[in-house]
Amino acid sequence: MLAYYDAWEHHTSEDAWASSWWEMSARVGDRIAGILGGAPGSVQVQPNASVALSSVISCFDFASDKRNKVVTSVLDFPSMSYIWEAQTQHGARVEIAPSDDGIIVPLPCILEAIDDQTALVALSHVSFRSSYRVDARAIVEKAHQHGAFVLLDVYQSAGALEFRASDWGVDFLIGGTIKWLCGGPACGYLYVRPDLQKELQPRLTGWVAHTAPFDFSPAPMRYDESVRRFAQGTPSIPALYSVLPGLQILEEVGVPTIQAESQRRTEWMIDFALERGWKVNSPRDVNQRGGSVMIYVDDGPAMVNRLAERKVFVDCRPGVGLRISPHFFNTDEEVREAMEILAELIQEHA
Ligand SMILES: Cc1ncc(COP(=O)(O)O)c(C=O)c1O
C-alpha cells in the first residue's frame, strides 16, 4: 500500500496509465492464474466475485436459447443465488441441488440435474457455509458430455487447496483475494478456459475490454483478443497493489505445502471436537473439505467475541456455528491453544 501511495504522490495526470497501471491488472491476473493452475493470460481481475459471475452470465442468452437451465447448489454463497434469481426474469431455469444435512450436497444430486438443456453448472467449489468440497472433475466430465459449461466459485478454496484449472478442464473460475490469498478487498478474478475466450462476448463490458481502448472510439465494440475482453472499466488500482505481496508469500510457501498443513490441522481439530461431543458442521472426509472447520455453538456471535478477547480470531455463520480457518502462518501450538480456549469457554457457558 505504501508503494501505491508513493506512485500516487509522484504520478502526473496521464503517466499512471502509461507506466504501471495498465500492465498491473495483467500481472496480477497472471499471478492468480498460477495459483489456480491456469496458463498466463487466463485470468482477468474483476471488482469482486459477484461481478465476475455477472460477466460470465452476460455471455449467455437464456431467453432465446433452448439450453437455458442452470444447475447451482443450496450451499453456494448467497450472492450467487441473488444473481441467478434475477436471471430467471431473462429466461434462465435454475435448479438448486439440495442438501439434507446442510453440510454436503451429494454428488449424484448434482450430476443427475445436468442434462442436454443445461447451459451452465455454477457451484461453489468449497462452500462458505460448511467447507464442503464438490468433486470438480466428475462435474466437469458430466457437464461436458452434455455440452454444458462449468463455473466454479473457488473463493473458499484457492490458496488453501492445490488444484489445476487446466487439468479439470473447467470453463470458468471466479473468486476474490481477501481469504486464503491474503490480499486486500475489491480484487476479484475470473478465469476463462483459454480456448473458449474468443468465442464469448460479455454484454457486461466497458472500454477496458476494447481491443484499442486508447483510441476512445465509439461503438461498435471490438473485444480484445485476450482475456481482457472480460474487463469492464478502470480497475481498482489500490486493490491490485494490496494483493501482490500476499500472492508472493503464497508462491514462496507453495500451495501443496499449505494444503498438507491445513489438512493435518483440520483433521486434528475435528478429532478434538468430536472427542468432546461437539457438533462438527463440516464433512468428516478430508477429500470433501476445504480449509475451514465449522463447529456448532449455541450463540455464535457471542462466542466469536469471547474468543477474540482471548486473541483467538474466528468467525461464525448463521445456523452453522464457528468457522475456524487456520492458515499456513499459524503454528500447531496456536491451533491447539485456540481449541483449548474454545473448550474452556464452551464449558464456562454450558
Ligand atoms: C464462496 C464465496 N463466493 C463469493 C463471495 C462473495 O464475493 P464478492 O464479495 O467478491 O462478490 C464470498 C464471500 O465471502 C464467498 O465466500
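We count ligands from 1, going down the list as the structure has it; atoms in each ligand are counted the same way.
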* What atoms in ligand 1 come closer than 4.0 Å to a heavy atom of Phe128? -> 16 (O)
* State if Ser50 counts as touching ligand 1 under the rule of any non-hydrogen atom under 4.0 Å. => yes
* Asked: Is the shortest heavy-atom distance from the side chain of Pro326 to the side chain of Glu334 under 4.5 Å?
  -> no
* Protein contact to atom 7 (O) of ligand 1 [nearest heavy atom, distance to 0.1 Å] -> Tyr155 CE1, 3.3 Å
* Would you say Thr118's side chain and Leu120's backbone share a donor-acceptor pair under 3.5 angstrom? -> no
* Structure fact -> atom 14 (O) of ligand 1 sits nearest the protein heavy atom Lys179 NZ, 3.0 Å
* Asked: To which protein heavy atom is atom 5 (C) of ligand 1 closest, and what is the distance rounded to 0.1 Å?
  -> Phe77 CD2, 3.4 Å
* Considering only heavy atoms from C-beta outward, does the side chain of Asp76 approach that of Ser81 to under 4.5 Å? -> no
* Got Val335 and Met269 here, is their nearest side-chain heavy-atom distance under 4.5 Å? -> yes
* Looking at ligand 1, does any of its N/O atoms fall within less than 3.5 Å of an N/O of Val126? -> no
* Ignoring angles and geometry beyond distance, decide whether Ser79 reaches within less than 3.5 Å of ligand 1 through its nitrogen or oxygen atoms. => no
* Would you mind reporting whether Leu161 and Gln263 have side-chain heavy atoms less than 4.5 Å apart? => yes
* To do: Using the ring of Phe272 (Phe, Tyr or Trp, six-membered ring only), decide whether Arg276 places NZ or CZ under 6.0 Å from its centre and within 45 degrees of its axis.
  => yes
* To do: Among all protein heavy atoms, pick the one closest to atom 1 (C) of ligand 1 and tell me residue, atom and distance.
  => Asp153 OD2, 3.3 Å
* **Pair Arg264-Glu261, salt bridge (charged side-chain N to carboxylate O under 4.0 Å, His left out): steps then yes or no** => CA-CA 5 Å; Arg264 188 174 56 74; Glu261 289 289 88; 3.1 Å; yes
* **Euclidean distance, Ile139 CD1 relative to Leu152 CG, rounded to 0.5 Å** => 6.5 Å
* Which residue holds the protein heavy atom closest to atom 16 (O) of ligand 1, what is that atom called, and what is the gap in Å? -> Gln156 NE2, 2.8 Å
* To do: Please report which non-hydrogen protein atom sits nearest to atom 9 (O) of ligand 1, along with the residue it belongs to and the distance in Å to one decimal place.
  => Asn48 CB, 4.3 Å
* Structure fact -> protein heavy-atom neighbour closest to atom 10 (O) of ligand 1 works out as Ala49 N, 2.8 Å
